[in-house]
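Structure first, then comments.
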Amino acid sequence: MATNIRRPNGTKDVVPEQMYKWETVEEKMKAAAKRFGFKEIRVPTFEDTGLFVRSVGDTTDVVQKEMYSVTASSNDNYTLRPEGTAGVVRAILENGLLNGAMPLKLFYILSCFRHEKPQAGRLREFNQFGCEMAGSPAPEADAEIISLAKYVLDSLGLKNISLHINSIGCKTCRAKYHEKLKEYFEQYRMDLCSTCQERLDKNPMRILDCKSPEDQAIAANAPLITDFLCDDCKTHFEQLQQLLKIIGIDFVVDPKIVRGLDYYTRTVFEFISEDIGSQGTVCGGGRYDGLIQSLGGQPTPALGFGMGLERLILTMENQGCGFMTPETCDVYIAPLGENAVKKAAELAGFLRNGQYSAEYDLMHRSLKSQMKYADKIGASLVMIIGDNELEKGKAELRNMKTGEQTEVSLDESCLSTVDTVLTGEWLSQAMARGGDIL
RNA sequence: GUGGAUAUAGCGUAGUUGGUUAACGCGUCAGUUUGUGGCACUGAAGACCGUGGGUUCGAAUCCCACUAUCCACCCCA
């Protein structure tokens, strides 16, 4: 260990050799969101603590025990965002974005912070890709958001991800359901596990999700939310299901889906992977028709989802999904001697201006060492400049894959030679794959 | 917050009846004559054996505490 300062519990470094995975995922998500007409937004890492208390809900675990709150002076109380939606909705209102074209469609990639005990697929700082849509109460909007999420997962190459949907109703029908549920479980109170006995008082819907076999048996006959939805909520949910069938997205209605953030209404959904351990929810979201109003805006229906980047990458690794190949070096310039180094610096400039990546020796190493280095960084071409070459005004240009060597001139015209050699290299690779060039 | 397991170089590991300079593989760097990578061979650098105490003449090895990591609960992405 080179240092005695270590990263905080539950945080991760992404080292350069892993970075290409992140680039793959982020690029594909952005492209997908843009295809659906979503625009990127960036918001602060910390917000007024009250924002999260009011939106996520003061009885939720997230707010009660997982927030990183900071105070820099006596008057302020800020919290590192535990999720993305609250800050984005705040930004929507503060910037008057609801006055633009409707529906408003936004996406973001940001880090979130929750003080939980870390485990597989769960970190204290984690990264989220999220999409939010505001303005439409229609079930088509729900279907669109879900199909965007699905589109992202598909474009990453993920398999075996199941979509679970549910409707938790609006304020009125949910309240009615809670009552019925309490009534039902109350008669089995003594048979429930200890945590579920607590849940019975706080949030009876969570009992449905309990993993204890005894409780599951009891829960099997519990009343279902779907039987208590008001007419509007019921119709909305049915229409969503029809739409999903029409656009060909498989789903299961899962009355056990209960989201832990208070702002959800009606549609909630999760995409779940079986391939990454117990924290399998790779994407979660739903409708939050009351949130914008409760944060001071005009009553505006809205919905969205969040995806955990770490979980997505974990799943992709476990499923052997492909990532974009890491970028390598187009040309490595191997100079021998002081004058050659100067020439190398100049040539590197030409190449870079010509849109090629170029490196040259910065350590005054032997040619052999330089060749090894070039091999290690995956250089396609190596340009060798020694005394002989300086005299002739030509360098040796070695193709590292084929071993062929040609001559290049030591001036700006080297660009066109590099150009043809690399183009030839791409062509032969394409031929080898048997694919078309265009 | 609760429970279980683990903690030896950048990575992966060996090393318990406690005993001299802590071993091996990968990786890194250098060399194997003259200016050319991948293979092979040689050599070098790199570890306060998680941290802090204790037992002992002597601790990577035994004891205690702490911390971190992994897995699970809880909850969520």
Side-chain angles (χ1 to χ4, degrees), chain A residues 1-13 15 17 56 60-66 81-85 109-130 149 193-196 198-199 202-203 206 209-212 257-261 268 270-273 276-285 304-315 332 334-337 340 363 365-390 395-405:
Chain A
M1 218 144 302
T3 169
N4 52 6
I5 300 176
R6 288 188 290 182
R7 62 171 179 265
N9 191 359
T11 61
K12 276 267 187 295
D13 299 312
V15 295
E17 61 170 1
V56 175
T60 58
D61 279 7
V62 170
V63 165
Q64 280 193 336
K65 37 188 205 193
E66 295 171 6
R81 59 183 169 225
E83 54 103 50
T85 303
I109 295 174
L110 42 71
S111 53
C112 300
F113 307 82
R114 290 184 202 168
H115 190 94
E116 298 183 272
K117 190 133 171 186
Q119 116 192 29
R122 195 173 70 191
L123 295 168
R124 288 185 170 174
E125 179 182 13
F126 60 99
N127 291 277
Q128 236 185 32
F129 164 72
C193 70
S194 55
T195 47
C196 279
E198 278 175 44
R199 288 170 174 156
K202 283 194 214 152
N203 191 347
R206 294 215 174 279
D209 198 24
C210 184
K211 279 165 190 156
S212 129
I257 291 196
V258 179
R259 315 235 70 237
L261 309 178
V268 292
E270 291 182 7
F271 285 89
I272 301 170
S273 162
I276 51 170
S278 69
Q279 306 300 322
T281 303
V282 121
C283 169
F305 67 79
M307 285 188 186
L309 298 209
E310 287 80 2
R311 287 185 190 176
L312 288 174
I313 290 172
L314 251 183
T315 315
Y332 176 83
L336 298 166
M363 300 197 21
R365 288 195 280 204
S366 70
L367 180 59
K368 192 179 186 101
S369 297
Q370 294 196 53
M371 292 302 289
K372 283 188 178 177
Y373 176 77
D375 186 51
K376 241 167 261 170
I377 63 173
S380 305
L381 303 177
V382 173
M383 199 184 282
I384 299 162
I385 310 173
D387 293 336
N388 303 343
E389 285 77 11
L390 280 178
E396 291 288 331
L397 187 66
R398 182 178 179 88
N399 181 326
M400 292 296 274
K401 259 186 211 108
T402 62
E404 289 166 43
Q405 283 189 199

Looking only at side-chain atoms of [X], point me to the closest of [options].
X	options	answer
A/Leu336	B/A77, B/G35, B/C74	B/G35
A/Glu389	B/C29, B/G35, B/A77	B/G35
A/Lys368	B/A77, B/G35, B/G37	B/G37

Distance (rounded to the nearest 0.5 Å) between [X] [atom1] and [Y] [atom2]:
X	Y	atom1	atom2	answer
A/Glu389	A/Leu336	CD	CG	8.0 Å
A/Leu312	A/Met307	CG	CE	6.0 Å
A/Ser366	A/Met363	OG	CE	10.5 Å
A/Gln128	A/Thr85	CD	OG1	7.0 Å
A/Ile272	A/Thr315	CD1	OG1	12.0 Å
A/Arg81	A/Leu110	CZ	CG	4.0 Å

Residue pair [X] / [Y], side-chain heavy-atom distance below 4.5 Å:
X	Y	answer
A/Ser278	A/Gln119	yes
A/Thr281	A/Arg311	yes
A/Lys65	A/His115	no
A/Glu310	A/Asn127	yes

Distance between the [atom1] atoms of [N] and [M], in whole angstroms?
N	M	atom1	value
B/U61	B/A7	P	12 Å
B/G3	B/C74	C1'	12 Å
B/G52	B/A68	P	16 Å
B/G12	B/G58	P	34 Å
B/C26	B/A9	C1'	12 Å
B/A60	B/U21	C1'	16 Å
B/C49	B/G38	C1'	36 Å
B/U51	B/U56	P	23 Å

Watson-Crick or G-U counterpart of [N], or none if no pair lies under 3.5 Å:
N	result
B/U21	none
B/C75	none
B/A14	none
B/U67	B/A7
B/G31	B/C41

Could you please spell out the steps behind the side chain to side chain contact (heavy atoms under 4.5 Å, CB included) verdict for A/Leu123 and A/Lys12?
CA-CA 8 Å; A/Leu123 295 168; A/Lys12 276 267 187 295; 3.8 Å; yes

For RNA chain B, find the residues of residues 395-402 of chain A with a heavy-atom distance under 4.0 Å and give them by number; none if there aren't any.
A/Glu396, A/Arg398, A/Met400

Within residues 370-383 of chain A, the residues having a heavy atom closer than 4.0 Å to RNA chain B are A/Met371, A/Lys372, A/Asp375, A/Lys376

Going by salt bridge (charged side-chain N to carboxylate O under 4.0 Å, His left out), name the pairs with one or both residues in residues 110-123 of chain A, residues two or more places apart or in two chains.
A/Glu116-A/Arg122

Between the side-chain atoms of A/Glu66 and the base atoms of B/C75, is any donor-acceptor pair under 3.5 Å?
no

Is a donor-acceptor pair below 3.5 Å formed from side chain A/Asn388 to base B/G35, judging by atom type as modelled?
yes

For [X] and [N], give me the distance from atom [atom1] to atom [atom2], rounded to whole Å.
X	N	atom1	atom2	answer
A/Leu367	B/G31	CG	P	11 Å
A/Leu123	B/A77	CG	P	14 Å
A/Leu110	B/A77	CG	C1'	11 Å
A/Gln405	B/G37	CD	C1'	11 Å
A/Phe126	B/C75	CZ	P	16 Å
A/Arg365	B/U36	CZ	P	16 Å
A/Ile109	B/A77	CD1	P	17 Å
A/Glu17	B/U28	CD	P	11 Å

Whichever of A/Ile276 and A/Thr11 has its nearest RNA chain B nucleotide further upstream toward 5'
A/Thr11

Upstream residue (5' side of RNA chain B) when A/Gly10 and A/Lys65 are each assigned their closest nucleotide:
A/Gly10

Using a cut-off of 4.0 Å on non-hydrogen atoms, how would the nucleic acid contact of [X] be classed: base, sugar-phosphate, or nothing?
X	value
A/Gly121	base
A/Val282	sugar-phosphate
A/Asn127	nothing
A/Gly285	nothing
A/Cys112	nothing

Kindly write out the residues that satisfy side chain to side chain donor-acceptor pair (under 3.5 Å) with A/Gln64, not counting sequence neighbours, or none if the list is empty.
none

How close do A/Cys283 and A/Ala149 get, heavy atom to heavy atom, and via which atoms?
SG-CB, 4.1 Å

Taking only side-chain N and O atoms of [X], does any of them lie within less than 4.0 angstrom of OP1 or OP2 on [N]?
X	N	result
A/Arg7	B/A68	no
A/Ser278	B/A72	yes
A/Ser369	B/A30	yes
A/Gln119	B/A72	yes
A/Ser111	B/A77	no

Result block: side-chain N/O donor-acceptor pairs under 3.5 angstrom for residues 371-385 of chain A, not counting sequence neighbours:
from, atom 1, to, atom 2, distance (Å)
A/Tyr373, OH, A/Glu359, OE1, 2.8

Does A/Arg365 offer a backbone N or O that forms a donor-acceptor pair with the side chain of A/Gln370 under 3.5 Å?
yes

Polar-atom pairs under 3.5 Å, protein N or O versus N or O of nucleotides 1-4 of chain B: list them with distances, or write none.
from, atom 1, to, atom 2, distance (Å)
B/U2, O4, A/Lys117, NZ, 3.4

